[in-house]
Amino acid sequence: SQELEQSPQSLIVQEGKNLTINCTSSKTLYGLYWYKQKYGEGLIFLMMLQKGGEEKSHEKITAKLDEKKQQSSLHITASQPSHAGIYLCGADRGGTSYGKLTFGQGTILTVHP
Amino acid sequence: NAGVMQNPRHLVRRRGQEARLRCSPMKGHSHVYWYRQLPEEGLKFMVYLQKENIIDESGMPKERFSAEFPKEGPSILRIQQVVRGDSAAYFCASWQRDIGEQFFGPGTRLTVL
């Protein structure tokens with residue numbers, strides 16, 4: 001089974017709507033990364049969360065990590081077409097794997113103007 | 001992530017040829033990760049390097065693949081005798097251990113004919 005599950009796999013919203021993408025780990029995380037990828041391009045770093053209960057925001061995007069450090073959510077407020085892309089969460093297990101990221105399968109976000 | 005350089009951006013090779021992919025990390029970063037994104041498979045860890053050291057190569061295929069990060073110059077991912085199944089996007093990520101944030105380059109898209 002997947003160590004890191006993202007949901008939903010795809011999401012279509014109307015511009016201006018709020019949306020949430022979830023990332024669930026079967027194991028406790030050392031850190032959780034969120035990236036955005038445009039098709040055929042590289043990954044854009046959004047946020048990194050390390051502490052249980054941590055929440056970070058950048059412009060209209062907010063990411064949270066639960067207290068148990070096994071679930072994270074990415075929330076976009078008042079979505080815009082520029083938010084469209086593939087959102088990936090990456091898990092850092094720490095320990096001897098510190099820095100080595102395991103990725104979810106991605107969430108494809110489409111925003112209709 | 002604008003500071004992580006990868007070249008070439010696109011590479012076409014015929015079966016049996018060699019592919020060399022280069023990655024220059026962000027200034028001041030001495031850790032590099034290589035990941036591979038196969039169609040329909042997601043992003044997978046390949047190898048973790050520090051300057052002049054391979055730290056973790058557990059994700060590297062056992063044959064034909066090698067990586068280095070010399071004291072001077074970029075990190076190199078080398079694929080010998082390429083096969084069609086090597087066609088993928090190869091990304092490197094630059095990481096500063098004490099900060100934790102990991103930034104990706106734009107990737108090299110390898111096509112094997």
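A note on names: the letters A, B, ... follow the listed sequences, proteins ahead of strands, and every chain is numbered from 1.
Close approach to chain A, defined as a heavy atom under 4.5 Å from one of its heavy atoms, is seen in B:Asp56, B:Ser58 of residues 51-68 of chain B, taken by number.
The stretch residues 37-94 of chain B participates, sequence neighbours left out, in these disulfide bond (SG atoms under 2.5 Å apart) pairs: B:Cys23-B:Cys92. Among pairs with a residue in residues 6-15 of chain B, those fulfilling side-chain hydrogen bond (donor to acceptor under 3.5 Å, both in side chains) read B:Asn7-B:Arg22, at least two apart in sequence or across chains.
A side chain to side chain contact (heavy atoms under 4.5 Å, CB included) with A:Leu65 is found for one member of A:Lys69, A:Lys68, A:Glu67 and no other, namely A:Lys69.
Contacts of B:Glu41 with chain A are absent, with no heavy-atom separation under 4.5 Å from either backbone or side chain.
Taking the ring centre of B:Tyr48 as origin, the terminal cationic atom of A:Lys100 falls outside the region bounded by 6.0 Å and 45° from the ring axis.
Applying the side chain to side chain donor-acceptor pair (under 3.5 Å) rule to A:Thr62 yields the partners A:Ser57; only residues at least two apart in sequence or on another chain are considered.
At least one side-chain heavy atom of A:Tyr33 sits less than 4.5 Å from a side-chain heavy atom of A:Phe45.
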